[in-house]
Structure formats: structure tokens, C-alpha cells
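Structure record follows, encoded as C-alpha cells.
First listed ligand is number 1; within each ligand, the first listed atom is number 1. Side-chain atoms are counted along with the backbone in the values below, which use heavy atoms only and exclude waters and symmetry mates.
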Amino acid sequence: MSIAENIAHIRAQMNAAAIEAGRDPKEILLCAATKMNDGENVRQAIAGGVDCCGENRVQELTKKLSENAYDGAPVHFIGHLQTNKVKQVVGKVDLIQSVDSLRLLNAIQEQAAKQNIVQKILLEINVGGEESKSGFCVGEIYEICEKMTNFPNIRVEGLMTVPPICQIPGENRKFFQEIYQLSVDITTKKYDNVCVKILSMGMSDDFRDAIACGSTMVRIGTAIFGARDYSK
Ligand SMILES: *Cc1c(COP(=O)(O)O)cnc(C)c1O
């Protein structure tokens, strides 16, 4: 199947999952996770109607930006971002989804202030508490949101999570529900510079479960582009 056909198929499944959950399908955006895909594949995904692209690595982002590969769709950063590479990302992407430490927040603030812009971000949550993953703990988030008043050049637009790899279908629903509840709690508290609009959760294997639990953005790689070849 072509990239466009894959996207049409995913959209149909997204819409069905939304309707089943009593939600409006228009509430849920499709982000193409473009890592290891070249500019041509990115262009095909945009032509196929994805709402945005998500890039994991700074080097790939910079290369594809220089090729104008993302023309026609917003680009997001979704990978672990080192503070020494912040300059190559702040102001270059619409949204940094993967903000995972106070140190990174400080670096983004400094860079965004220099550029005189407000950088939109999501706070990444390590919902499974996995050693191998970055992200804030669930319990840490309130404290971080309180601190956002000190970051005038950053706007928190929501939460992002990558749950543990799923062994049994539906197993991750408890994590998605936990993040949804957290987003409701944060909204109630009305923190400065925090306005939860986006819940970025769900990937190729579990996006229907994520939509059932309140996701407003799914990040899909494999189901759009096919399996990634890590041998290259
Ligand atoms: C690769 C990646 C995805 C997409 O994963 P698939 O299983 O290929 O759909 C989503 N989010 C992040 C942060 C990723 O790195």
C-alpha cells in the first residue's frame, strides 16, 4: 500500500475509535512520526493529509528543513532533546512535544527569549516510570506547572507520553487514562503559561486505545511508512 493509502486507512480507524468513544473525530490530529524517512516520504505523508510531522533527531530535522520537506504542514520535535542542541530546534518547530526536564525548560526559555518568541511545548511524562525512558514522573508535574510562571517565553500546550511496550492489547489504557486525568487536574488549577489543549498519546500499535482514553494527537510512524530499517 502507498503512504497515502496507509494514511487513509489510519484515518478511518481513528474516526471509528472516536465515534465509538462518543467523541468528535475532528478533535484528534494525526502526527506523522517521520524518523528515518527521507524528505520524499515526508512530502508524500503531507500530501496524504497528515496534520503535522514529528521529528526525533535534530540532525534529521535540520536536513529536512533545509530541503523544505515539511512545507504544507507544521513540524514538531518528538525525540529526546539535549540542551546543547536547543538552538537548532527552538523557533524552528511549531511544538516541542518532548520536554522532559527542568534543565531543558531553562535552556528553551533562554533561547526563546533571545529570539523574542514564545515557544509552544508539551511536557513529556514517563507514565510507566521506566528507567530507559525520559520524561517527568506523574507526581512531579504539578510542581513543574507551578514553575512555568517563571518561563514567560514558553507556553505549555499539553502533555505527551510514550507508555511501556504493550504485551497484551489494551494493556496501556490504564496509562492513557492516568494521563487524561492528570490533564484534567492541571486544567482545573489554572497555572500561568499552561493551557492544556493537546494530549499527545498513541502510536501505531495502540492509537485506538489512546483515542478511547482522550488522546487528541496520535503519533504514527510504522503504520504510515512501514517498518523502519535499523540496519542501515
Ligand atoms: C517513533 C515514534 C513514534 C511512532 O512509533 P510507531 O510505533 O512507529 O508508530 C511515536 N512517538 C515517538 C516519540 C516516536 O519516537
Ranked by distance from atom 8 (O) of ligand 1, the top protein heavy atom is Thr222 OG1, 2.5 Å
Distance to 0.1 Å, residue and atom name: give those for the protein heavy atom nearest to atom 13 (C) of ligand 1.
-> Ile78 O, 3.4 Å
Sub-4.0 Å atoms of ligand 1 with respect to non-hydrogen atoms of Ile220 = 9 (O)
Ser204 contact mode with ligand 1 (heavy-atom cut-off under 4.0 Å) | both
Taking only Lys NZ, Arg NE, NH1 and NH2, and the carboxylate oxygens of Asp or Glu, determine whether Glu178 and Lys174 approach each other closer than 4.0 Å.
-> no
among protein heavy atoms, the one nearest atom 10 (C) of ligand 1 is Met203 SD, 3.1 Å
Heavy atoms, side chains only, cut-off 4.5 Å: are Met160 and Ser98 in contact?
-> yes
Non-hydrogen atoms of Asp205 versus ligand 1: any pair closer than 4.0 Å?
-> no
Does Asp38 come within less than 4.0 Å of Arg43, counting only side-chain N to carboxylate O?
-> no
Hey, are the side chains of Glu143 and Ile141 touching, using non-hydrogen atoms and a 4.5 Å cut-off?
-> no
Is it the side chain (CB and beyond), the backbone, both or neither of Gln97 that lies under 4.0 Å from ligand 1, heavy atoms counted?
-> neither
Cation-pi, Tyr142 ring and Lys189 (6.0 angstrom, 45 degrees) | yes
When you look for heavy atoms under 4.0 Å from ligand 1, do you find them on the side chain of Asn56, its backbone, both, or neither?
-> side chain
Kindly indicate whether the side chain of Asp94, heavy atoms from C-beta on, has any atom under 4.5 Å from the side chain of Val75.
-> no
May I ask you to check if ligand 1 and Gly221 share an N or O to N or O distance below 3.5 Å?
-> yes
Any atoms of ligand 1 less than 4.0 Å from a non-hydrogen atom of Arg228? List them with their elements.
-> 1 (C), 8 (O)
How long is the gap from CD1 on Ile125 to CG on Leu159, to the nearest 0.5 Å?
-> 4.0 Å
Protein residue, atom and distance nearest to atom 11 (N) of ligand 1, heavy-atom basis = Arg219 NE, 2.8 Å
Would you mind running through ligand 1 and noting each atom that sits below 4.0 Å from a heavy atom of Lys35?
-> 1 (C), 2 (C), 3 (C), 14 (C), 15 (O)
Do Ser200 and Gln97 meet the criterion of a side-chain donor-acceptor pair at a distance under 3.5 Å?
-> yes
